[in-house]
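In what follows, a structure is listed as structure tokens, so that the remarks can point back to it.
Every chain is numbered from 1 and lettered A, B, ... according to where its sequence line falls, protein lines coming before strand lines. Since the model is a prediction, treat every value here as computed from it, not as a measurement.
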Amino acid sequence: MSELPFGKTRTTPDELRTQIDTAAAVRRAREGGVSCPEQRIDRFIQIVPDLLEWLENHGREYPWRHSSDAWEVYIAEILLQRTRGDAVAEVYSAFLDEFPDPDSLANATEEDIRQLVEPLGFVNHRTRTLKEVGKLFSAEFDGDVPDSVEELKRPWRAGEYSARACQMFARGKPMALVDANFARVIGRVLGYEMPVQPHKSSAVYGLLETLLPTSPELARAFNLAILDLGALICTAEHPDCKSCPINRGCVYYCTRMEDE
DNA sequence: TTCCTGGCCT
DNA sequence: AGGCCTGGAA
């Protein structure tokens, strides 16, 4: 097991082509309204190594990224739902300190939980979810974290993204992740027409599945890189395209330059 | 007002 | 699949 927080950040287009079904990606891209999809996907594969190198130098160092413990990662994913990483980092160690395993969470009072997640918002939601997580894992999984997406999704408000992220980042199982960041970044880079709710679109999941490298270490780096690029550079408003490590391969950037 | 490593309800 | 919601922060 590698201890590198970002996974494998050194790769080449040739290595990626052995791990990515290019023809399938082109098909998916075309379905999403991408013009010249063959060239777009080829261009994308060429800039991925730059993206991963950028991650190596600029990626965010959060404690949950240094952990391969399923409980620590799963808790992080729950706390991170629609919440900034920096905010979660403020309460994360205190939370794990008090609730180091499902049993301790199962035995906690709502007030104990509420107090710890207070600064994050979604307080009622999160308190209920965490309580359910503790009780369910404690009662039905012998105090362990289950090892399948379906089982990880059982607690109320533990959904597709959180479950898949846990399997990806804790268990090293390559998983396509779709949230607002992935949709925005991929949509801009490829010129893909994103639906209103990308995270519930099977077409978007399909596209990300085909683009995801098959090796766990590259898949990890790929996912973290897009996540951090979306948070730090390719932001919803006023993206910092000039600083973007992959602007040379980005439809959004190139279109923008032509307009100016 | 919008955004943040979405998910639930109908 | 579409609508809607939760809260602190920018």
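Here A/Glu118 lies in heavy-atom contact (under 4.0 Å) with sugar-phosphate atoms only. Here A/Ala76 lies out of heavy-atom contact (under 4.0 Å) with every strand. When heavy atoms are screened at a 4.0 angstrom cut-off, A/Glu160 is found touching the sugar-phosphate backbone but no base atom. Note on A/Pro119: only backbone sugar-phosphate atoms sit closer than 4.0 angstrom, heavy atoms only; bases stay farther off.
Distance check on atom P: B/dT5 versus C/dA1 gives 27 Å, rounded to whole Å. When the P atom is compared between B/dC9 and C/dG7, the two are found 16 Å apart, to the nearest whole Å. With P as the reference atom, C/dT6 and B/dT10 are 14 Å apart, rounded to whole Å. Nucleotides C/dC5 and B/dT1 have their P atoms positioned 15 Å apart, rounded to a whole Å.
Between A/Arg126 atom CZ and C/dG8 atom P the separation is 10 Å, expressed in whole Å. Atom CG of A/Asp86 is separated from atom P of C/dG8 by 17 Å (rounded to the nearest Å). Between the CG atom of A/Leu227 and the P atom of B/dC4 there is a distance of 11 Å, given to the nearest Å. Between A/Arg164 atom CZ and B/dG6 atom P the separation is 15 Å, expressed in whole Å. The CE-P distance, from A/Met175 to B/dG6, rounds to 18 Å in whole Å. Separating the CG atom of A/Asn124 from the P atom of C/dC4 is a distance of 21 Å, rounded to the nearest angstrom. One can place CZ of A/Arg128 at 13 Å from P of C/dT6, the figure rounded to the nearest angstrom. Note: NE2 (A/His199) to P (C/dG3) measures 13 Å, nearest angstrom.
Residue-to-nucleotide contacts include a donor-acceptor pair under 3.5 Å from the side chain of A/Gln197 to the base of C/dG3. In this model, no side-chain donor or acceptor of A/His125 finds a partner on the base of C/dG7 within 3.5 Å.
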Derivation of the side chain to side chain contact (heavy atoms under 4.5 Å, CB included) call for A/His199 and A/Glu160
CA-CA 9 Å; A/His199 65 284; A/Glu160 194 70 31; over 6 Å; no

Report each atom pair, protein N/O against N/O of nucleotides 1-3 of chain B, whose distance is under 3.5 angstrom.
{"residue": "B/dC3", "atom": "O2", "partner": "A/Arg84", "partner atom": "NH2", "Å": "3.3"}

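Side-chain atoms of A/Thr129 come within 3.5 Å of backbone N or O of A/His125 as a donor-acceptor pair. Between the A/Glu77 side chain and the A/Ala165 main chain, no donor and acceptor come within less than 3.5 Å of each other. Between the side chain of A/Arg10 and the main chain of A/Glu53, no donor-acceptor pair closer than 3.5 Å is present. Without hydrogens or angle criteria, A/Tyr192 side chain to A/Leu207 main chain gives no donor-acceptor distance under 3.5 Å.
Distances shown here put every side-chain N or O of A/Asn223 at or beyond 4.0 Å from the OP1 or OP2 atom of B/dT5. Phosphate contact (OP1/OP2 of B/dT5, side-chain N/O of A/Ser162, threshold under 4.0 Å): absent.
The pair A/Glu140-A/Arg154 counts as a salt bridge, with a side-chain nitrogen and a carboxylate oxygen less than 4.0 angstrom apart. Note on A/Arg28 versus A/Asp21: no salt bridge recorded, every NZ/NE/NH1/NH2 to OD/OE distance being 4.0 Å or above.
Nucleotides of DNA chain B nearest to A/Pro155 and A/Leu80 differ in position, and the one nearer the 5' end is that of A/Leu80.
The side chain of A/Phe122 lies closest to C/dT6, out of C/dT6, B/dG7, B/dT5. Residue A/Trp156 has its side chain nearest to B/dC8 when only B/dC8, B/dG6, B/dC4 are considered. Of the listed nucleotides (B/dT5, C/dG2, B/dG6), C/dG2 has the atom at the smallest distance from the side chain of A/Lys200.
Note on ring orientation: taking the six-membered ring where Trp is involved, the planes of A/Tyr92 and A/Trp64 are perpendicular (angle over 60°, cut-offs 30° and 60°).
Taken from CG in A/Leu79 to CZ in A/Arg126, the straight-line distance is 6.0 Å, to the nearest 0.5 Å.
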